[in-house]
Amino acid sequence: MKTYDIKIPVTVCTWEEMSKEQQAIVAKAKEQTAHSYCPYSGFHVGAAVELKDGTVVLGCNQENAAYPSGLCAERVALFAAGAQHPEQPVMRLAIACYTDGHFTAEPGSPCGACRQVMIETEDRYKQPMEVILYGDNESYIFRSAADLLPLIFVGDNLNG
Ligand code: THU
């Protein structure tokens with residue numbers, strides 16, 4: 001029997017420490033929180049996806065009176081990108097959360113279902129996507145969605 005430690009590299013940084021490209025995609029995610037439809041939680045999440053050709057696709061959470069029918073911002077953005085630009089690999093994803101009149105001080109953390117969809121996207125295009133979780137105090141940057149979901153389940157796993 002062996003026990004392994006799984007180490008996950010995460011860069012913790014301020015807004016000023018981000019590159020111009022990172023700031024640009026985070027700014028889009030922040031803007032997008034204004035369009036969230038979240039009458040039940042009041043928790044506004046904005047997501048912005050940057051594609052290989054530079055196209056930016058936006059998403060925000062869409063809630064529903066039948067709660068499970070709603071969808072998180074990340075999946076709205078990733079599914080829109082897959083539907084509108086199926087040939088374009090996803091290079092970067094940023095999310096920002098806004099509640100009680102301000103952006104959250106600490107980064108929002110994607111739910112398990114969104115992590116699984118990020119993984120499928122990376123597997124589909126054979127392209128890691130940088131994931132930026134924005135917080136007003138500090139942000140977290142992951143080099144790949146796989147770092148957010150160790151021991152992933154992808155299509156190859158179906159082959160036994
Ligand atoms: N939500 C997202 O859109 N993304 C996340 O990463 C976490 C949660 C949404 C779902 C729901 O509309 C609200 O935030 C509260 O959970």
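Because the structure is predicted, anything quoted here is derived from the model rather than measured. We count ligands from 1, going down the list as the structure has it; atoms in each ligand are counted the same way. Along the sequence shown, residues carry numbers from 1.
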| Looking only at side chains, do Tyr98 and Asp100 share a donor and an acceptor under 3.5 Å apart? |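 Asp100 and Tyr98 do not have a side-chain donor-acceptor pair below 3.5 Å.
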
| When you look at Gln88 and Thr55, which way does the side chain to side chain donor-acceptor pair (under 3.5 Å) test go after all the steps? | CA-CA 9 Å; Gln88 287 296 319; Thr55 302; over 6 Å; no

| Quick one: does Thr121's side chain get under 4.5 Å of Met129's, heavy atoms only? |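 When only atoms from C-beta onward are counted, Met129 and Thr121 do touch, with a gap below 4.5 Å.
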
| message | Side chains of Val117 and Glu74, heavy atoms from C-beta outward: is any pair under 4.5 Å? | response |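 Side-chain contact under 4.5 Å: no.
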
| Protein residues near ligand 1, heavy-atom distance below 4.0 Å? |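 Within 4.0 Å of ligand 1, protein side: Ser41, Phe43, Val45, Asn61, Glu63, Cys72, Ala73, Glu74, Ser109, Pro110, Cys111.
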
| request: Measure up the Tyr40 and Tyr67 rings against each other and bin them: parallel (under 30°), tilted (30 to 60°), perpendicular (over 60°). | output: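 Correct class here is tilted.
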
| field | With sequence neighbours excluded, residues passing ring pair (Phe, Tyr, Trp, His ring centres under 6.0 Å) with Tyr37 | value |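 Ring pair (Phe, Tyr, Trp, His ring centres under 6.0 Å) list for Tyr37, sorted by chain: empty.
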
